[in-house]
Undergrad: 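Dumping the structure here so I can ask a few things about it.
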Amino acid sequence: MTSLAFTAEELRYLSSLRQDFHAHPELGFEEERTSQRVAEELTKIGIPVTRGIGKTGVIGVIEGEAGPGRSIGLRADMDALPIHEESNLPFRSTVHGCFHGCGHDGHMTMLIAAARQLQARKAEICGRIVLIFQPAEEGRGGARAMIADGLFQRFPCDEIYALHNAPDRDLGKIAVGPGPVSASADFFDIDIAGNGGHAAFPHRTVDAGLAAIAIAQGLHTIVSRNVDPVDSAVLSVTAMTAGSTYNVIPDTARLSGTIRTMRPDVRKSMAERLVALADSIAAGYGAKATVDIRDVFSTLVNDPLHAAIVADVAAKLVGEDNLDRKPPIVMTSEDFADMLLQVPGAYFFLGQGQGAALHNPRYAFNDAVIPFGASMFVEVAMDRCGTPGSVGWN
Ligand SMILES: [Zn+2]
Ligand SMILES: [Zn+2]
């Protein structure tokens, strides 16, 4: 064990900070109060802050005082989800229908906790540490917005790191491996135009709803019949709307859903099959389909060197027995992937003890995990920034 050294008073402070974030959740790009609180927490310990990168994003920079070295980026996400929290916690969400159901309140707190330790140790640090508080991770493109705003031109990083809490892993267990980690995600909408009419005269209509049902069934053959069984892929139709009453055959219908893959060629061919099936099935019913497919997330790929660095730090912190160096890929998506396309680095999972899953209305972040995540950030940053004379570029 190396770090994990937090006083009871510091842990109480961090827990109350996390619970404050939790009580006041905000959706992606709307993190006004949240980013204000993040900026205040950094400013009050002497870390200069730049706001407004990617709309509500916040950057803090810790300048090491021990000489030149690497620039290490540490990233946390800030947004909540449009889910109504089901809990009786005293600090439960005060915003109806909005909830930190992915633990980003905890991620911010762990990065602030790390910043408090790193700022206190800056006399030992070479180079600089860039604290990246990112908006809108949950499908609204916060990472891409920060990158488009010049994140890495204005705050160059040699390496970047991020974590996610994992309710399916025991408290303090860490998982990090090289290569692909999580899937790309496309969101799609298919608008079907038919010719509505009286339900008593179906022969005079083109039923857009019936065409939508056939298309939805057809799309679910893509994974089973067009994707190589050894590749990982998901296609889910998740929303279907058509019609509004009992005696009218719908004029239009809409299908929405997601495609998730681990490889660009699979992603491309699934999109092509989706368009071909939607077009041809709609045509078979006398309807017309218009397809919109949007690239929302990239595949997250850990650089092998940086994944190994995180794993070695974790081994020192929690022991090899609590470390999974070859976790299975997951078909969820994470927009830190786009930052990793700009700067090499690694993303790791941190067990927070068994409980309700991420995005479940009963999900609860476990404050006991704060020292683990904070210590991982601290130790990775200290290891990579280097102390005087220790920086070997690799
Ligand atoms: Zn999430
Ligand atoms: Zn998340």
Side-chain angles (χ1 to χ4, degrees), residues 11-43 49 51-60 74-115 131-146 162-168 185 187 296-297 332-336 349-350 352-353 355-370 373-374:
L11 290 176
R12 267 196 303 278
Y13 179 78
L14 294 168
S15 196
S16 71
L17 174 63
R18 204 281 295 178
Q19 293 170 10
D20 179 66
F21 285 134
H22 189 88
H24 302 98
E26 294 168 303
L27 298 176
F29 292 128
E30 297 169 15
E31 304 96 332
E32 301 293 343
R33 182 190 186 280
T34 304
S35 60
Q36 175 69 23
R37 181 82 204 257
V38 168
E40 284 169 7
E41 290 299 314
L42 299 179
T43 303
V49 161
R51 299 186 62 185
I53 298 186
K55 196 168 181 206
T56 44
V58 180
I59 300 292
L74 304 174
R75 172 275 204 177
D77 36 17
M78 303 193 292
D79 56 326
L81 287 157
I83 298 173
H84 188 69
E85 180 175 16
E86 289 181 20
S87 94
N88 291 313
L89 293 167
F91 53 87
R92 66 184 171 273
S93 171
T94 58
V95 184
H96 188 83
C98 187
F99 162 47
H100 268 296
C102 205
H104 299 181
D105 48 348
H107 299 171
M108 288 183 274
T109 304
M110 290 190 277
L111 187 52
I112 289 169
L131 308 160
I132 303 168
F133 290 87
Q134 183 212 300
E137 190 283 325
E138 298 284 2
R140 295 190 178 191
R144 291 178 188 179
M146 290 192 93
L163 63 76
H164 207 292
N165 76 92
D168 56 341
F187 291 169
V296 182
F297 291 97
T332 51
S333 297
E334 159 64 59
D335 82 353
F336 185 62
F349 295 100
L350 174 59
Q352 67 142 18
L358 299 170
H359 294 205
N360 181 289
R362 286 168 295 282
Y363 166 81
F365 182 82
N366 181 359
D367 283 346
V369 83
I370 291 172

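For this chain, numbers begin at 1 and follow the sequence in order. Predicted model, so just to flag it, every value in this text is computed and none were measured.
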Undergrad: Applying side chain to side chain donor-acceptor pair (under 3.5 Å), run through Q36 and E32 and close with a yes or a no.
TA: CA-CA 6 Å; Q36 175 69 23; E32 301 293 343; over 6 Å; no

Undergrad: Walk me through whether F133 and L42 qualify under side chain to side chain contact (heavy atoms under 4.5 Å, CB included).
TA: CA-CA 11 Å; F133 290 87; L42 299 179; 3.8 Å; yes

Undergrad: Quick check: do L131 and I59 have side-chain heavy atoms less than 4.5 Å from each other?
TA: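 No, side chains not in contact.
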
Undergrad: Would a distance-only check, ignoring hydrogens and angles, find a side-chain to backbone donor-acceptor pair under 3.5 Å from R92 to L89?
TA: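 Judged by distance alone, yes, a pair lies under 3.5 Å.
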
Undergrad: Determine whether M110 and L163 satisfy the following criterion, side chain to side chain contact (heavy atoms under 4.5 Å, CB included), listing intermediate values before the conclusion.
TA: CA-CA 10 Å; M110 290 190 277; L163 63 76; 3.7 Å; yes

Undergrad: Are the side chains of V296 and R140 in contact, using a 4.5 Å heavy-atom criterion?
TA: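 They are not in contact (no side-chain heavy atoms under 4.5 Å apart), so the answer is no.
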
Undergrad: Go through it in stages, so that I can follow the logic: the residues are S35 and R51, the test is side chain to side chain donor-acceptor pair (under 3.5 Å), and I'd like the CA-CA distance, side-chain angles, deciding distance and then a yes or no.
TA: CA-CA 8 Å; S35 60; R51 299 186 62 185; 3.0 Å; yes

Undergrad: How are the rings of H84 and H96 set to each other: parallel, tilted or perpendicular (split at 30° and 60°)?
TA: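 Rings of H84 and H96: tilted, 30 to 60°.
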
Undergrad: Please find the pair of heavy atoms, one from H100 and one from F21, that lie closest to each other, and give the distance.
TA: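 Looking at all heavy atoms of both residues, the shortest contact is CD2-O, 3.4 Å.
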
Undergrad: Measure up the F91 and H22 rings against each other and bin them: parallel (under 30°), tilted (30 to 60°), perpendicular (over 60°).
TA: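 Aromatic pair F91/H22 classed perpendicular.
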
Undergrad: Roughly how far apart are E40 CD and I112 CD1, rounded to 0.5 Å?
TA: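 Here the rounded value is 10.5 Å.
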
Undergrad: Output the distance between atom CG (D367) and atom OG1 (T109), rounded to the nearest 0.5 Å.
TA: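 Here the interatomic distance stands at 7.5 Å.
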
Undergrad: To the nearest 0.5 Å, how far apart are NE2 in H359 and CZ in F99?
TA: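 With rounding to 0.5 Å, NE2 (H359) is 9.5 Å from CZ (F99).
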
Undergrad: For E137 and D335, work out which heavy atoms get closest and say how close.
TA: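 Smallest interatomic distance, heavy atoms only, reads OE2-N, 3.0 Å.
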
Undergrad: Which atoms form the tightest heavy-atom contact between T56 and P135, and what is the distance?
TA: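 Between these two residues, the closest heavy atoms are OG1-CB, 3.1 Å.
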
Undergrad: Below 4.5 Å, heavy atoms only, C-beta onward: do F365 and Q352 meet side chain to side chain?
TA: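 In contact.
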
Undergrad: Nearest 0.5 Å, please: how far is CG in D77 from CD in E31?
TA: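 The CG atom of D77 is 9.5 Å from CD of E31, to the nearest 0.5 Å.
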
Undergrad: With a 4.5 Å cut-off on side-chain heavy atoms, are Y363 and P167 touching?
TA: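 When only atoms from C-beta onward are counted, Y363 and P167 do touch, with a gap below 4.5 Å.
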
Undergrad: Side chain to side chain contact (heavy atoms under 4.5 Å, CB included) for T94 and H24? Distances and angles first, verdict last.
TA: CA-CA 6 Å; T94 58; H24 302 98; 3.7 Å; yes

Undergrad: Decide yes or no on salt bridge (Lys or Arg N to Asp or Glu O under 4.0 Å) for D20 and R18, but give the supporting numbers first.
TA: CA-CA 5 Å; D20 179 66; R18 204 281 295 178; over 6 Å; no

Undergrad: What's the spacing between E138 CD and H104 NE2 if we round to 0.5 Å?
TA: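 Separation between the atoms: 4.5 Å.
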
Undergrad: Name all residues meeting the side-chain contact (heavy atoms from CB on, under 4.5 Å) criterion together with S93; count only those two or more places apart in sequence or in a different chain, and write none if there are none.
TA: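 Partners of S93 by the side-chain contact (heavy atoms from CB on, under 4.5 Å) criterion, ordered by chain and then number, come out as P25, E85, V95.
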
Undergrad: Which distance, rounded to the nearest 0.5 Å, do you find between the CZ of R362 and the CD of E86?
TA: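 R362 CZ to E86 CD: 4.5 Å, rounded to 0.5 Å.
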
Undergrad: For a 4.5 angstrom cut-off between non-hydrogen side-chain atoms, does V58 reach V38?
TA: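 The answer is yes, as the side chains (C-beta and beyond) meet within the 4.5 Å cut-off.
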
Undergrad: Answer whether the closest heavy-atom distance between the side chains of L27 and P82 falls below 4.5 Å.
TA: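 They are in side-chain contact.
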
Undergrad: Show your working on side chain to side chain donor-acceptor pair (under 3.5 Å) between D79 and Q134 and close with a plain yes or no.
TA: CA-CA 8 Å; D79 56 326; Q134 183 212 300; 5.7 Å; no

Undergrad: Do you know the tightest heavy-atom contact between I370 and A113?
TA: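 Taking every non-hydrogen atom into account, CG2-CB, 4.5 Å.
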
Undergrad: Walk me through it: do C102 and L81 pass the test side chain to side chain contact (heavy atoms under 4.5 Å, CB included)?
TA: CA-CA 8 Å; C102 205; L81 287 157; 4.0 Å; yes

